[in-house]
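In what follows, every chain begins at residue 1, and chains take the letters A, B, ... in the order their sequences are listed. Reckoned from all heavy atoms, side chains included, excluding hydrogens, waters and symmetry mates.
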Amino acid sequence: MSSIRVRFAPSPTGSLHIGGARTALFNWLFARKYGGSFVLRLEDTDLGRNLPEAEKHILEGLAWLGLDWDEGPDKGGPHAPYRQSDRLDLYRKEAGRLIERGLAYSCYCQPEDLTRDREKAQAEGKPPLYCGRCRDLDEKARREKEALGLKPALRLRVEPGQTVVDDLIRGQVVFLHETIDDFIIVKSNGVPTYHLACVVDDHHMAISHVIRAEEHLSNTPKQLMLYKALGWEPPAFMHVSMILAPDRAKLSKRHGATGVEEFRRDGFLPGALLNYLALLGWSPGDEREVFSREELVAAFMPENITKHAAIYDLQKLTWLCAQYLRNLPLDEVVERALPFLAGAGLVPENPAPEEMAYIRKVVDLVRTRVHTLAELAGSADYFFKDEFSYEDKGVRKYFQKPGAADLLLKGREALAGAEPFDEAGTEKAYRDLIAELNISGGTLIHPTRLALTGRTVGPGLFDIVAALGRQRCLDRLAKAAEMATSVETS
RNA sequence: GGCCCCAUGGUCUAGCGGCCUAGGACGCUGCCCUCUCAAGGCAGAAACACGGGUUCGAGUCCCGUUGGGGCUACCA
């Protein structure tokens, strides 16, 4: 029994897409579940589309999600190198074997010719397959073409028959060879196409299971033909359904955030994104929904992967993220929140230890009522700065009322004398005042919240009061009383 | 167009012939709790795409239709 080896093989043409991230996740889960190896390979054979920063983004995205790989371009491994552009000699060697055995042939057709053929076929309502013009060129004809300076592409000879793809998710899928033409395996610039490079690498890297998106199911018979032509045993295949945008179209930039990097920037927690991606197209079979990475590995069963495409829904991801924010250890949330707080200019990049205690307190107060780290930073500004504006709605409701300033000053007085100045002590002082004035709690509490935070919503008032400390509360109440005096109506 | 895959509420899904008057989650609505907002609790609206079969019995099996997606590049 050979060992389990899976791979994630993205092209460095952009950032890590959530579709790609999910494919990586299923591969990773499979490897971790069954004690196999997870290999990372860069498929950079389309020189024109490679982006210099893409590799870095992809590796960082995977690392951020906690999907660690055992072999890859950055860390090497027994089957290095892991970038296809560094393996060209290997592909040439294998392609050479195909030519020697007459299983592949040189094609001198120019792109313009092929485009014309294709358009003609389509206009006639026929399938746009390669016409086979160069299939049986003799030595002489080839030399003539070469003499003209034409560089050939290499095509695989597809013989009549059929190929059956045995897919772990979809069962046996039959493809008739008359629907597949002699496809190109080496471009005229000497670089292999996806099909050849993929097959050669999966074989040489001893990949046991190819887990990839469903868009590759139709490509699989071509690759199976290559395995056969090269005399190799193919791996097992598992084609997972795709992720679609809310309009049922394939995910693209115009659908908003689709890159892992963007979710990170928008303040989503990696565990939440990973958890959400796992739930798209897979279910544990019971009714659990929230999983840590470890729980995911334990619960993962390939047979529980669904066959149909899934539309991704930001609302559920947002909900999951909120779950993580409230349930993760506080220190982890604080660590994740720090860059967002610093980014909003609320705290320094590297806060001093005594500052950290306060930040911890604040994060703990707000984390249960926000969904993302970005929201968290956005809802905590008043804890860190004294300059803020008051919500208009609140001003109208609580300041623009007869006696508003006086009430705020009475509250201020109560807080000035509250002992001890903690949640219970300040609440006691306020409750006493409320009783004395014979008013409802909200009558005093709501204006106070507005005075201290500028907002009408937020954590419990006495939690805020205790966190801010006596002096800041007194200052803000005095300032708010002035404001109230100026807008008060009689 | 040809080939391939897929089809349970708005979304993610459970269901693998009788346990289904179709279960859970997000979202939505109402109520409770309450200093606000969340959270939490309770209640509710909301689905087996359609048509034929097979069977004593079909969401579950088969066929067709419709719909969606993918492939059909010297992209991967």
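In this structure, A:Asp46 reaches the sugar-phosphate backbone alone: every heavy-atom distance under 4.0 Å involves primed, P, OP1 or OP2 atoms, never a base. A:Leu279 comes within 4.0 angstrom of the backbone, heavy atoms only, and of no base. Using a 4.0 Å heavy-atom distance criterion, A:Ser241 is classed as making no nucleic acid contact.
Rounded to the nearest Å, the gap between the P atom of B:C50 and that of B:G27 is 29 Å. Spacing of P atoms, B:G44 relative to B:A22, comes out at 14 Å, to the nearest Å.
Residues from residues 113-123 of chain A that place a heavy atom under 4.0 Å from any atom of RNA chain B, listed by number: A:Leu114, A:Arg118.
Here A:Lys307 reaches the OP1 or OP2 of B:C6: one of its side-chain N or O atoms lies under 4.0 Å away. Using a 4.0 Å cut-off, no side-chain N or O of A:Ser440 falls inside it from OP1 or OP2 of B:C35.
Aromatic ring pairs are classed by plane angle as parallel below 30°, tilted from 30° to 60° and perpendicular above 60°; the pair A:His239 and A:Phe237 is parallel.
No hydrogens or angles were tested; on distance alone, nothing pairs the side chain of A:Arg170 with the base of B:C5 as donor and acceptor under 3.5 Å.
In this structure, A:Arg336 contributes its side chain and A:Phe268 its backbone to no donor-acceptor pair below 3.5 Å.
When the nucleotides B:C4, B:C35, B:C74 are ranked by their closest atom to the side chain of A:Lys187, B:C74 comes out on top.
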